[in-house]
Asker: 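Once you've had a glance at the structure underneath, I'll fire off some questions.
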Amino acid sequence: MMIVSREGRALDVSLCSSAKSSAFRSILRAGSSAILIFQAGMAFSANDNGATVEAPVPAIYLDLRTIYAQAPAGSLAFGFGRPTPFSALLLARSNGAAFPTSLPAAKSLNLDVPLTVDVTDSVSLYAGVSGNSSEFGGAGWSSFQITSWNIGFQADVYQQNGGPLPTVTLQSTLTQSIPNDSLGTTSFNNIIEFDYALNSDETRGFLAGFQYTVTEVGNKFVKIKPNTIAYIGAYYQWPDNWKFTGRAGVQSFEGAQLLNLGSIQPFTQPIVRFDLDHMDDNDNRLFGVTAEIMWTPKPAYQLTVRTPLYAVRN
């Protein structure tokens, strides 16, 4: 969940459009660079005898994620990823839903469908759509609607490979709400993570990272300031390929103003996330469950089930 204008000021439509175009070009440039790195690696791959090594076939799959999220009244539920109930809230407002003068408690059932290509073991590209059904203040669940599209990449910019320095992974995602009207949002989510493996198989190790999320809204009366997370964590993978990862950190949200719903005050609160994944022998994810608790300052919850559908498996 996440994101906005760095200073929190409302942006006019022309300014938002310029920022969106610039960010989109940045995503494309980064993705193109990742592909060029992959192509260069293919061109120069060789074994110890100088013979060319056949490059692996990219994995292609739908990384299906089913997400249930719940946020208390008077708060926005942010966290590791996109602000799921927030997108649903603006969509409901644009459809004329009647809310009281404060932000109601929110529940959301979401489906993310990104088509993902693992170009190599260290570079992934993805793009897809998301939809949800939401419920605010006990008023009943809405019908399921497609609410956004997204595009992004994940790349290891440095790999440990048994050395003293950790693997450095960069992930960047651009998400645009549907429809893109006066309450449309564009979010930019960037994560940098450091992974220090404790053995050559990289089945156990420590993590540390930062996430910065910003959201632009096409309405001058809606302001959502940036959200930042700093965290540490650890992981362990058993011989039967079940992998557990835990992350704990601090989330700092700079506040928001949502139409006539009043302001959301800034907060700095703890956040935790636990992942349990079943991998195959080639580290392809077969199944995953993620549980997340974030204090806003009251606790909000998110449960994610990942069920990838492979067209080509590495």
Side-chain angles (χ1 to χ4, degrees), residues 1-3 61-73 75-95 97 99 103-116 126-152 154 171-181 183-189 191 211 213 215 217 224 227 229 247 251 253 256 258 271-277 285 287-294 296 299-309:
M1 305 173 186
M2 53 200 117
I3 2 293
Y61 55 99
L62 289 176
D63 191 11
L64 295 179
R65 296 189 289 264
T66 304
I67 307 164
Y68 173 78
Q70 180 175 315
S75 66
L76 287 180
F78 291 78
F80 295 98
R82 294 179 296 108
T84 315
F86 168 67
S87 300
L89 176 81
L90 290 187
L91 178 64
R93 291 290 298 181
S94 66
N95 289 337
F99 289 158
L103 195 63
K107 298 177 182 178
S108 182
L109 185 62
N110 312 269
L111 181 65
D112 287 350
V113 192
L115 176 63
T116 304
Y126 52 88
V129 297
S130 301
N132 68 39
S133 173
S134 55
E135 187 260 0
F136 295 100
W141 287 83
S142 66
S143 59
F144 183 86
Q145 300 183 60
I146 300 298
T147 54
S148 66
W149 59 264
N150 63 81
I151 184 171
Q154 178 175 308
Q171 182 177 2
S172 187
T173 308
L174 166 67
T175 303
Q176 172 67 64
S177 64
I178 300 174
N180 185 18
D181 55 15
L183 285 176
T185 62
T186 302
S187 67
F188 309 88
N189 189 46
I191 302 170
Q211 175 179 294
T213 308
T215 300
V217 185
I224 306 173
N227 188 69
I229 298 174
R247 293 175 176 88
Q251 177 176 220
F253 175 49
L258 301 179
I271 181 171
V272 295
R273 168 176 162 172
F274 304 103
D275 298 89
L276 181 63
D277 296 296
R285 180 184 287 104
F287 174 79
V289 178
T290 298
E292 188 173 338
I293 306 175
M294 61 221 82
T296 63
Y301 308 94
Q302 181 170 294
L303 180 67
T304 303
V305 178
R306 301 181 69 167
T307 51
L309 299 178

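In this chain, numbering begins with 1 at the start of the sequence shown.
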Asker: Checking side chain to side chain donor-acceptor pair (under 3.5 Å) against Asn189, which of Thr175, Thr213, Asn227 comes through?
Answerer: Thr213
Asker: Please find the pair of heavy atoms, one from Ser133 and one from Trp141, that lie closest to each other, and give the distance.
Answerer: O-CZ3, 3.2 Å
Asker: Counting only N and O atoms by type, is there a donor-acceptor contact under 3.5 Å from the side chain of Ser148 to the main-chain atoms of Ser177?
Answerer: no
Asker: Which residues pass the side-chain hydrogen bond (donor to acceptor under 3.5 Å, both in side chains) test with Glu135, sequence neighbours left out?
Answerer: none
Asker: Provide the closest heavy-atom pair for Asn110 versus Ser108 in the form atom of the first, atom of the second, distance.
Answerer: OD1-OG, 2.8 Å
Asker: Begin with the C-alpha distance, continue with both residues' side-chain angles, and end with the deciding distance and a verdict on side-chain contact (heavy atoms from CB on, under 4.5 Å) for Leu174 and Ile151.
Answerer: CA-CA 5 Å; Leu174 166 67; Ile151 184 171; 4.2 Å; yes
Asker: With distance as the sole test, does Glu292 use its side chain to make a donor-acceptor pair with the main-chain N or O of Tyr301 at under 3.5 Å?
Answerer: no
Asker: Run the numbers on Leu111 and Phe144 for side-chain contact (heavy atoms from CB on, under 4.5 Å), then give the verdict.
Answerer: CA-CA 10 Å; Leu111 181 65; Phe144 183 86; 4.2 Å; yes
Asker: List in chain and number order the residues that pass salt bridge (charged side-chain N to carboxylate O under 4.0 Å, His left out) with Arg285, two or more places apart in sequence or in another chain; answer none if no residue qualifies.
Answerer: Asp277
Asker: What's the spacing between Ser172 OG and Gln154 CD if we round to 0.5 Å?
Answerer: 11.0 Å
Asker: Using the ring-ring contact (aromatic ring centres under 6.0 Å, His included) criterion, which residues pair with Tyr61? Sequence neighbours excluded.
Answerer: Tyr310
Asker: So, applying side chain to side chain donor-acceptor pair (under 3.5 Å) with Tyr126, which one of Thr173, Thr116, Asp63, Asn150 is it?
Answerer: Thr173
Asker: Could you walk me through whether Thr290 and Arg273 pass side-chain contact (heavy atoms from CB on, under 4.5 Å), step by step?
Answerer: CA-CA 7 Å; Thr290 298; Arg273 168 176 162 172; 3.6 Å; yes
Asker: Could you tell me which non-hydrogen atom of Ala71 sits nearest to which non-hydrogen atom of Ala300, and how far apart they are?
Answerer: CA-CB, 4.0 Å
Asker: Any side-chain heavy atom of Ile178 sitting closer than 4.5 Å to one from Thr147?
Answerer: no
Asker: Whether the side chain of Gln302 engages the backbone of Gln70 through a donor-acceptor N/O pair (distance < 3.5 Å, no angle test) should be reported.
Answerer: no
